[in-house]
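Note on naming: letters A, B, ... go to the chains in the order of the sequence lines (proteins, then strands), and numbering restarts at 1 for each one. Hydrogens, waters and symmetry mates play no part in the numbers below; they use all other heavy atoms, side chains included.
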Amino acid sequence: MIDIKELRKDPGKFKDALEKRGYETDIIDEILHVDREWRELTSKINELRSRRNEISKNVGRAKREGDEKRAEELMSLGREIGRQIKELEERQRELESKEKELLLRVPNVPHGSVPVGEDESENVEVRRWGDPKVFDFEAKAHWDLGPELGLLDIERAGKLAGSRFVILYDKLAKLERALINFMLDLHTKEHGYKEVWVPHLVKRETMTWSGQLPKFEDEAYNTKKDDLFLIPTAEVPLVNLHAGEILKEEDLPLKYVAYTPCYRREAGSYGKDVRGMIRNHQFDKVELVWYTTPERSYDDLEVLLSHAEEVLKRLELPYRVVALCTGDLGFAASKTYDIEVWLPSYGAYKEISSCSNVEAFQARRSKTRFRRKDGKVEHVHTLNGSGLAVGRTLVAIVENYQRPDGSIVVPEVLRPYTGFEVIP
RNA sequence: GGAGGCGUAGCCUAAUUGGCUAAGGCGUCGGCCUUGAAAGCCGAUGGGGCUUGAGGCCCCGUGUGGGUUCGAGUCCCACCGCCUCCGCCA
């Protein structure tokens with residue numbers, strides 16, 4: 001959520017941000033209009049309440065002095081003012097909920113370092129690591145290779161759950177598990193993260209605080225009876241871990257890592273990445289989340305990014321890092337780097353991690369704050385990044401490590417986790 | 001799922017039958033004192049609105065949202081959370 005006080009002070013900044021994202025800017029004036037009316041009304045109500053408080057005091061006084069007649073007079077006056085207040089409060093509540101609803105629909109302001117652009121074609125490549133593999137035979141896509149090996153079953157998954165689900169068997173299932181453990185170990189043992197095991201079903205508020213709702217309700221699975229949501233990413237529980245709390249400055253940054261499945265309806269993405277396991281309704285992900293201070297959050301983002309990159313380096317998978325432009329930036333993010341891994345089946349780099357600084361956007365919603373050494377309380381900045389999307393990492397290994405005979409070499413760093421060197 | 005209990009500020013704890021400023025302690029921050037520290041003393045320590053030359057004024061805030069009342073920490077309802085017991089259960 002954006003800061004209403006900042007919006008009052010500098011509406012131009014927010015209109016500019018919306019323009020750069022390719023959004024309509026009318027909403028800003030609408031908010032300011034509602035806000036102005038709210039403030040005028042609030043002043044009026046405060047004045048009436050002040051009078052009522054005064055009257056109430058005098059009622060008590062009159063009663064103690066035994067002046068029943070005077071007390072009765074005052075009480076009737078208080079009743080009248082109470083009626084007026086009640087009437088105005090109704091309008092005030094309407095304005096408040098309208099304002100809140102509008103504020104929740106405004107995306108975050110892009111950081112000054114974010115390239116301005118319309119869509120993903122204007123994202124800016126930051127660096128490349130490794131060279132795309134050149135095969136001296138015809139390389140296969142994972143959606144062919146996997147079923148041929150009998151280790152990836154898309155048909156039966158369809159029978160059980162519909163499209164965009166997969167089943168893994170034997171060594172491919174183990175490879176998935178090995179990747180999860182490898183990533184968790186790397187981040188906990190070498191990068192200083194605390195491992196967290198979180199709920200996969202969360203309340204509506206939790207989804208709202210992390211920025212998924214109200215705008216993207218169609219994207220999430222919801223259990224109607226209890227109004228719980230399946231998490232689309234571990235970012236949701238992790239970033240709400242300290243909701244309502246006041247953290248100590250000396251405890252920051254807090255760095256959390258969690259492995260969870262992620263559940264996404266992928267509404268509106270029909271026709272995109274339909275084959276294999278690139279875009280499924282359920283996929284595994286190891287997620288990194290930081291709670292940090294405003295003055296260091298952008299430096300920390302670079303560090304978080306390097307932690308995600310390290311996974312690909314150790315797996316020796318070629319990748320590149322791109323800075324998303326304003327038009328491609330997610331709703332909650334101020335700045336985002338995507339890491340894209342080379343996929344032979346696409347003949348291109350494909351997103352495997354997204355690392356963002358959302359500044360105080362989530363912290364304002366979840367009321368996550370920290371106390372500075374001088375006693376001042378302020379919202380934290382939160383960062384999140386995939387470290388990495390496990391399913392796509394598996395795809396990248398299958399495709400990049402395949403051999404002419406259809407077998408797949410297990411990257412060296414994973415062998416202690418798999419217990420085998422070749423698939424099948 | 002059933003029965004009961006509880007929820008006060010960063011933390012811990014008070015508040016006659018509903019009534020004047022939510023008292024006190026701890027912690028934290030600032031100041032005094034000190035060679036430095038501790039102790040001690042003084043002050044500050046939730047949110048919002050209006051306004052100013054400094055500075056004020058007002059409202060809200062006892063888990064959340066409603067209700068009763070001239071007036072609610074206190075009474076009523078719903079929800080959330082925690083605890084105890086029963087039932088069910090990997």
Given [options], the nucleotide with the shortest approach to the side chain of [X]:
X: Arg49(A); options: C70(B), C59(B), C50(B); value: C59(B)
X: Lys203(A); options: U21(B), G81(B), C70(B); value: G81(B)
X: Asn53(A); options: C70(B), C59(B), G49(B); value: C59(B)

Any chance the side chains of His142(A) and Glu399(A) put a donor and an acceptor closer than 3.5 Å?
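Note: His142(A) and Glu399(A) side chains meet the donor-acceptor criterion.
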In terms of side-chain heavy atoms, does Glu99(A) have a donor or acceptor partner in Trp38(A) at a distance below 3.5 Å?
no
Rounded to the nearest angstrom, tell me the gap between atom [atom1] in [X] and atom [atom2] in [N].
X: Arg39(A); N: C60(B); atom1: CZ; atom2: C1'; result: 17 Å
X: Leu74(A); N: G19(B); atom1: CG; atom2: C1'; result: 14 Å
X: Trp209(A); N: U64(B); atom1: CH2; atom2: C1'; result: 11 Å
X: Arg83(A); N: G71(B); atom1: CZ; atom2: P; result: 11 Å
X: Leu88(A); N: G49(B); atom1: CG; atom2: C1'; result: 15 Å
X: Asp227(A); N: C79(B); atom1: CG; atom2: P; result: 15 Å
X: Leu95(A); N: G49(B); atom1: CG; atom2: C1'; result: 15 Å
X: Glu47(A); N: C60(B); atom1: CD; atom2: C1'; result: 16 Å

With a non-hydrogen cut-off below 4.0 angstrom, is [X] in contact with a base, only sugar-phosphate, or nothing?
X: Arg52(A); answer: sugar-phosphate
X: Lys367(A); answer: nothing
X: Arg93(A); answer: sugar-phosphate
X: Asn58(A); answer: nothing
X: Lys63(A); answer: base
X: Thr42(A); answer: nothing
X: Lys44(A); answer: nothing

First of Asn46(A) and Gly82(A) reached from the 5' end of RNA chain B, by closest nucleotide
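Nearest-nucleotide comparison on RNA chain B picks Asn46(A).
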So which one's nearest nucleotide on RNA chain B is more toward 5', Met75(A) or Ile45(A)?
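Per heavy-atom nearest nucleotide, the more 5' residue is Ile45(A).
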Let's test your reading of the pairing rules: Watson-Crick or G-U wobble, both distances under 3.5 Å, then write RNA chain B as a dot-bracket string with ( ), [ ], | and dots.
(((((((..(((......[....)))((((((.......))))))((((((...))))))..(((((..]....))))))))))))....
Between Thr233(A) and Glu235(A), is there a donor-acceptor pair closer than 3.5 Å when you use the side chain of the first and the backbone of the second?
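Yes, because the side chain of Thr233(A) sits within donor-acceptor range (under 3.5 Å) of the backbone of Glu235(A).
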Which whole number of Å gives the distance between the [atom1] atom of [N] and that of [M]?
N: G67(B); M: C60(B); atom1: P; result: 15 Å
N: G7(B); M: A14(B); atom1: C1'; result: 15 Å
N: A37(B); M: A44(B); atom1: P; result: 24 Å
N: C80(B); M: G65(B); atom1: P; result: 15 Å
N: G25(B); M: C79(B); atom1: P; result: 40 Å
N: G2(B); M: A9(B); atom1: P; result: 30 Å
N: G56(B); M: G66(B); atom1: C1'; result: 35 Å

Under 6.0 Å from the six-membered ring centre of Tyr193(A) and within 45° of its axis: does the NZ or CZ of Lys255(A) meet both?
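Judged by the rule (NZ or CZ under 6.0 Å from the ring centre, within 45° of its axis), Lys255(A) counts as positioned above Tyr193(A).
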Assert yes or no for the condition that the ring centre distance of His379(A) to Tyr291(A) is strictly below 6.0 Å.
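Between Tyr291(A) and His379(A), which both carry aromatic rings, the centre distance is not below 6.0 Å.
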Is the Phe229(A)-Tyr263(A) ring centre distance short of 6.0 angstrom?
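No: the rings miss the under 6.0 Å criterion.
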May I ask you to evaluate whether Lys5(A) reaches the phosphate of G49(B), defined as a side-chain N or O under 4.0 Å from OP1 or OP2?
no
Can you tell me if Ser43(A) touches the phosphate of C50(B), counting only side-chain N or O atoms and a distance under 4.0 Å to OP1 or OP2?
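The answer is no; no side-chain N or O of Ser43(A) sits under 4.0 Å from OP1 or OP2.
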Give every donor-acceptor pair under 3.5 Å between a side-chain atom in residues 169-188 of chain A and any protein atom, sequence neighbours left out.
from	atom 1	to	atom 2	distance (Å)
Tyr169(A)	OH	Asp153(A)	OD2	2.7
Tyr169(A)	OH	Arg156(A)	NH1	3.4
Lys171(A)	NZ	Val422(A)	O	3.3
Asp185(A)	OD2	Tyr417(A)	OH	2.7
His187(A)	ND1	His191(A)	ND1	3.1
His187(A)	NE2	Gly387(A)	O	2.9
Thr188(A)	OG1	Leu184(A)	O	2.7
Thr188(A)	OG1	Asp185(A)	O	3.3

Of the non-hydrogen atoms in Ala258(A) and Val196(A), which two are nearest, and what is the gap between them?
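Smallest interatomic distance, heavy atoms only, reads CB-O, 3.3 Å.
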To check you understand the geometry: which heavy-atom pair defines the closest contact between Phe361(A) and Asn108(A), and what is its length?
CB-ND2, 3.3 Å
